[in-house]
Every structure is written in C-alpha cells, then in structure tokens.
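For reference, the structure discussed in these notes is given below.
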Amino acid sequence: MTTEDASPQLTWTEEGEPRSGRFGDVYFSRDDGLAETRAVFLQGGGLPHAWVGRRTFTVAELGFGTGLNIAALLDLWRQTRPEGGRLHVFSVEGYPLTPEEAGRALSNWPEIREAADALIQGWPASTPGFHRIDLPEHHAVLDLAIGDAAWALEAWSGQADAWFLDGFSPALNPGMWSSQVMDLIRARSAPGARVATFTVAGAVRRALSERGFVVEKQPGHGRKRERLEARLPQEGTSPRERPRVAIVGAGIAGAAIARALGAAGVSPLVIEAERPGAGGSGFPAGLVTPRLDAGDAGLAALYAQALERAGQLYGDVADAVIARGVLQTPQAPRDVARFEKIAAQPIWRDGAMQVVGPQRTSDWLGEPVTEAGLLMTQALVVRPLAVLDAWLAGVERRAGQVERLERTEGGWRLVARDGDAIAEADIVILAGGWGTASLLDRSRHPELTPVRGQADWVVGPTTGALAWGGYAAPTGQGLLFGATHDRGRTDLAVSLEDSARNRDTLRTRAPALADRAEAASGAQARVAIRATTADRLPIAGWLDDGLSMLGGLGSRGLCLAPLLGEHLAALALDLPSPLPRGLAGRVAPDRPVLKPKVEPRT
C-alpha cells in the first residue's frame, strides 16, 4: 500500500469538522462529537461498570480515525481505573491521519486534552502493520494496526472485553462490516464481551445475533434516533493470579522481558550467573540495525516493527542513545540494486531507508569513498549497559548458574550444580543466549549454535556508524570496531590475532579511520559468545508448559529484544501480544528446533 493509497483524503468542513474524501463522510460532529462518543461507545460498552474490580481490561476498536474514542476512553479510565488495573487497547485503521490532523481534530475538546496529547505524542508512522503506543500515565497501552480490518483481527492475539465498531457506515465502508470481520469479532471476544456501535443496520444486527450476541437497540444521540448494543451471554472468567516468573539471563533479552513484565504490573525474578551484561550486552556500544531482506516480506516486516519499537524504548532511557543513523555499505556490486528494493518497501517510515551516493557516503565516514550505500536513519548506536541499568532497576536479581530444570506441581524448580534450588516459579523464561543452551536437549535438537565474536575499541577516533559485514561505531569516547565471527567456538580469551583481524577488516572499508584507530590510545578488546540458529531466525515462544525462550538473536539482539521481550511477557501473562500472529509464527519454536532437558518432578 503506497502512502497515497493509505490516505483518508482528509478535508475540513466550514464548521471545522474533519471529513474523509475517501468515504464521503465526517468523522464526528464538532458540536457534540465527544458527547456522542461517550453515549454510543463508553455507555454502550457498559463502561466504567464493566471494568470494576478487573486487573486487566481489553477494548478493541474498528475505525481509529482521529483517536477521539480512545482519548475519551483513556480519560474515563484515568478517572475510574480499578486499583492496579491496566488497560489494553487494540484499534484498526486502514487510512490513518497524520498526528497534525488528529491534533487539530481533538483540539475541539480541551476537557480530554491530557489523553489526547498522550495519543498525539505517541502517534506512529502510517506504515502497514502493528504499532505499539505506550501510555504509562494512563496505565494503558495501545496497539494500532494499520491495514485491512480482516487482516488485523486475524493477526491479533487478544480477546476483547468491549468492542467499539466505529468504521464508516456499512453502506459507505462495507469491508469493515463483512461476514469475515463479524466472524473474527466473535472469535476475538472474551466471555461476556460487549459491542457498541452507532449503526442499527439490519445486516449488522443479524450478523451479531447469528454469532451469539444478544442485540438491543438503544436511544441514539443527537440527530441519530437509535444506536446498537450487543453482548455475549457468557459470564466472564475470574482473573487468574499473577504468576511467579523467573528469567534466566540478565543481558538485553532478559532485561527487555523484565521491563515488559514490569510495565504489565508483574515483578519477575532475574537469575544471572555473573552480572548484567556479562555476555554479549557488555560492550561499550552496540548497533541497533535490522536484518535487511528484499525478498521475504514477512521477515522484513518483523525487523521493521522491531526497529521502530527499539527506537521508542531506547529513546526513553537516559544516556542510552549514542548516535542515530547507520550507513550500510555494499559487500558485492549487486547490493546497490538490493538497497534500492529495500528502500522502496512500504514497511519503512518516510526517509528511514535512503540510498545515498559516494559523496554522502564520504561525508558520513570523513574520508573518500567510491561506493553508494544505504543510510538507515532509524538505526541507532546505544550503550547496552545504560539500558540494562534502567530496565533492571528495582528488579529482584539472584546470582546463580542454573544447571537443570525440574518440574514441580504446576511449575518449575531451577537447580544449581550442587543440587540446591536457586528458585521456583510458575513460568520460566530462558534468555541467557548461549549461556542457557545447556538446559536444552541438544542431542535431539542441535540447531542452536555458538558464534564467538571479538570486538576492539580505542579512545579518540570516531565516525558515523558503519556496517558492511563488519562494523565501526562511536562509543561516545572513541571507536568500537570488529567483530570476528567464528562459528562453533566458545573460548573467551582475548586474542591479539583477532584484534589484528579487526583492524584489517576496518581498513578494507575506511583505511584512514583504521590508521587513526591503530595510532590511538586506550585500546581494549572483549569476547562474547552469541547464539544463532541455522535459518538465522530468532526463537521466541513456548518450549513446554510454563517454559519459554527468547534466544537465537545472533548479532541482532539489540534490535529484536525490545519487541520480542514484550511478546514473551504477553505469552506469560496471557495478554495481547504486540506481534501479529503471522510474525509470531515466524519466531515460535514450532519448527523442530528445541526441546528442554527436563528432570522428573521430585
């Protein structure tokens, strides 16, 4: 879908009402739009009564539009939220407004300004796919799906307690009211779910009734005589107790999961054999770059979403971002044509991927270059330890090397080499990279492979971040460069030979920079063992009942961990995942990959 294809073709009436030229109707009445939202959707959804006493509550909406319904919902939630409650919102929009357009529309109602401003501040790019908006001041999170309603509902993993059906009328926008969409509304409804909509069209009433909803007409608002409410007759289930969650590993993967669990109101236990950042997250800088794929649309979409989410979350951490933008240079002549295809993919926000000529490349590096490159403006250089410090602050941590896992009644025991229990938990998440590989039955599933990498850094020289197979990145005090890539090796001793290899690799791309690095002071080096898979896809999902894993991240851990950490947290807590089902399936360990080594219950 091109940007033009996705435009709502917005115009404004003389009364200042936003109007969709695509559908030929206004989004709301300027005179009573907020009052209508409150009557039709909030009251029609049984709110706030429906969430009384609830720890979590999920609202799904078809037709995000200006965000008015959600701003009104957030305002009501802020005023009436149950103690400790968290609100999850899922909304679908096929033709998104810009934040400036939405801000103009919502400015009509200063009484919900706080909620409206929070939405506008987090307003995502109009690229297709799922976009997460954090609303911490409102104890809420919004997942906005840009795309077709049927696709979005099929891709969503949540169960809605309340529905706002606010697409343009069935006559103007039949796709949003199709039988397929109605089937998915039923499939994605929690027991006792309620549906609210402005339309009383007979086809909509029949569709809901045929799918088990009890449908009632109610007095309408303003010039509309009637509106519709519907509900499932089943009683809602009692919320389960919050599980005890143990995370094995305190690198970027474990910290990302801990952050996501904390944001959902659950305090995990993090177990680390040494210290946070003892593995691959312990370098003074790291690149946050996506895996680039010109042929696999699903894989490219996974990394585009991961990069967007990583940028949001790292940007919230003080002193974490060292630099923005990474230049990818070609490894082979055909790569320039490949860069053109990648930059043209609709998954990137405008300007995120730019094919630049030799002059721009030379300016970026500070020395003459004859090749074009791909400038990834959303990519980052970050301080991993600053992120770990922030995301693990206040989290309970326990030192220990988990030697084996034992089943308990309804959970797991994590056992040290001497046989003592380090911890017991309802859910265990393995996030220690190669350090947790010993807990897997690799005799049956040997796919997870170690890759030894040594990187070097010096004080003084610096450059714009560069990647080409090797990499060079600013640290804030100098330059990090490398890294070796030795599959199957697990030795951790720093090698002078490997330092020389790194300098030689740097010289192939930036000889003047390599000279400066060789003459610089404060030279240091470090080795880490990363875990990767044969298909280079990460692993994020259940291995067994109550046992999951985030691993196989390879060199893309800083890009993938924030999003996949939220996915693992959602699985653990039975919450909606920010990851569309199709992408979640790409990283789930349902291919014959891994099975845990499990000791019998004692």
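These values consider heavy atoms only, across backbone and side chains, with no hydrogens, waters or symmetry-generated copies.
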Is [X] reaching over with its side chain to a backbone N or O of [Y], donor-acceptor style, under 3.5 angstrom?
X      : Y      : answer
Arg188 : Leu153 : yes
Asp293 : Ala300 : no
Thr533 : Leu537 : yes
Trp348 : Ile342 : yes
Arg81  : Gly85  : yes
Asp161 : Ala193 : no
Thr377 : Gly351 : yes
Glu101 : Thr98  : yes
Ser126 : Pro96  : no
Asp296 : Leu299 : yes

*Which of parallel (below 30°), tilted (30 to 60°) and perpendicular (above 60°) describes Phe164 and Phe41?*
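It falls in the tilted class, 30° to 60°.
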
*Close aromatic pair by centroid cut-off 6.0 Å: Phe64 and Trp123*: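 Judged by ring-centre distance (under 6.0 Å), Phe64 and Trp123 do meet the cut-off.
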
_Sequence-distant partners of Asp134, salt bridge (Lys or Arg N to Asp or Glu O under 4.0 Å), two or more places apart_ =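 Expected list: Arg309.
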
*Does a salt bridge link Glu272 with Arg398, judged by any charged N lying under 4.0 Å from a carboxylate O?*
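Here Glu272 does not pair with Arg398 in a salt bridge, since their nearest N and O are not under 4.0 Å apart.
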
*Would you call Arg38-Asp75 a salt bridge at under 4.0 Å N-O?*
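So Arg38 pairs with Asp75 through a salt bridge.
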
